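Given the structure is predicted, the values throughout are model-derived calculations rather than measurements. Counting from 1, the numbers follow the sequence of the chain as shown.
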Amino acid sequence: MAWRRKQRSEAALRYRSLYKDPRWKIRRERQLRQFPWCAMCAAHGEEMKATRVDHVTPHRGDPVLFFDGKMQSLCAHHHDKWKQSIERSNRAGCDESGMPVDPGHPWSR
């Protein structure tokens with residue numbers, strides 16, 4: 001795990017403690033109980049058990065977004081590989097119609 005710590009930004013290291021908060025544990029449990037299937041797999045017509053709870057809008061340490069922001073249940077593949085790579089690239093995702101919400105995205109020009 002030490003190699004992973006080196007990959008995280010200082011800001012990320014500061015807000016890691018939020019994941020140990022009892023409020024997060026309750027929220028995570030509730031989310032997985034209400035939505036046990038990966039939202040991204042379901043969008044492709046697949047069923048995969050969700051094991052991660054994802055902050056739809058990256059919280060970046062903001063406690064309001066962390067505890068009260070919109071969540072989605074994801075499988076490990078979609079959370080750990082796909083979603084985090086999108087966030088690291090600073091792309092903001094897309095709206096309900098599939099259009100990028102990032103004004104800097106090439107499609108927005």
Side-chain angles (χ1 to χ4, degrees):
M1 277 301 199
W3 63 271
R4 242 195 179 153
R5 236 174 263 128
K6 290 178 186 175
Q7 288 182 324
R8 292 189 177 121
S9 68
E10 284 194 37
L13 291 172
R14 282 194 300 273
Y15 62 67
R16 291 302 298 166
S17 63
L18 292 172
Y19 288 96
K20 294 179 178 135
D21 189 295
R23 293 173 293 170
W24 168 248
K25 292 178 181 183
I26 291 167
R27 175 101 196 258
R28 181 186 180 281
E29 239 179 76
R30 187 177 301 138
Q31 173 71 27
L32 291 173
R33 196 171 40 250
Q34 286 181 316
F35 304 97
W37 305 107
C38 173
M40 291 184 177
C41 287
H44 297 291
E46 301 171 13
E47 277 190 3
M48 177 64 71
K49 187 103 169 115
T51 57
R52 310 283 197 273
V53 174
D54 176 61
H55 294 87
V56 174
T57 302
H59 59 83
R60 309 272 191 252
D62 177 337
V64 173
L65 282 175
F66 187 87
F67 292 112
D68 301 324
K70 185 176 179 186
M71 304 283 175
Q72 64 181 344
S73 301
L74 297 177
C75 65
H77 169 76
H78 280 116
H79 181 268
D80 299 351
K81 306 271 189 293
W82 191 85
K83 180 73 173 19
Q84 288 185 355
S85 71
I86 293 289
E87 287 177 10
R88 278 194 290 281
S89 71
N90 291 322
R91 293 189 184 126
C94 58
D95 62 18
E96 295 81 25
S97 70
M99 292 303 293
V101 294
D102 180 1
H105 191 282
W107 282 7
S108 300
R109 295 183 188 137

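Nearest approach of D62 to V64, heavy atoms of both residues: OD1-N, 2.8 Å.
Contact of the C41 side chain with the E47 side chain is not registered, since no non-hydrogen atoms from C-beta on lie closer than 4.5 Å. Contact of the F66 side chain with the H55 side chain is registered, since non-hydrogen atoms from C-beta on lie closer than 4.5 Å.
Applying the side chain to side chain donor-acceptor pair (under 3.5 Å) test to every pair with at least one member in residues 22-39, sequence neighbours left out, gives these pairs: D21-R23, Q31-S73.
Ring pair H78/H44 is parallel by interplanar angle, where below 30° counts as parallel and above 60° as perpendicular.
The structure places SG of C75 at 9.0 Å from CZ of R52, a figure rounded to the nearest 0.5 Å.
Linking Ile, Leu, Val, Met, Phe, Trp and Tyr residues whenever their side-chain heavy atoms come within less than 4.5 Å places L32 and F67 in a single cluster. No continuous path of ILVMFWY side-chain contacts below 4.5 Å connects Y15 to L65, so the two sit in separate hydrophobic clusters. Side-chain heavy atoms closer than 4.5 Å link hydrophobic residues (I, L, V, M, F, W, Y) into clusters, and following such links, possibly through other members, connects L18 to V53.
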Requested in this report: Walk me through it: do M40 and Q72 pass the test side-chain contact (heavy atoms from CB on, under 4.5 Å)?
Outcome: CA-CA 9 Å; M40 291 184 177; Q72 64 181 344; 4.0 Å; yes
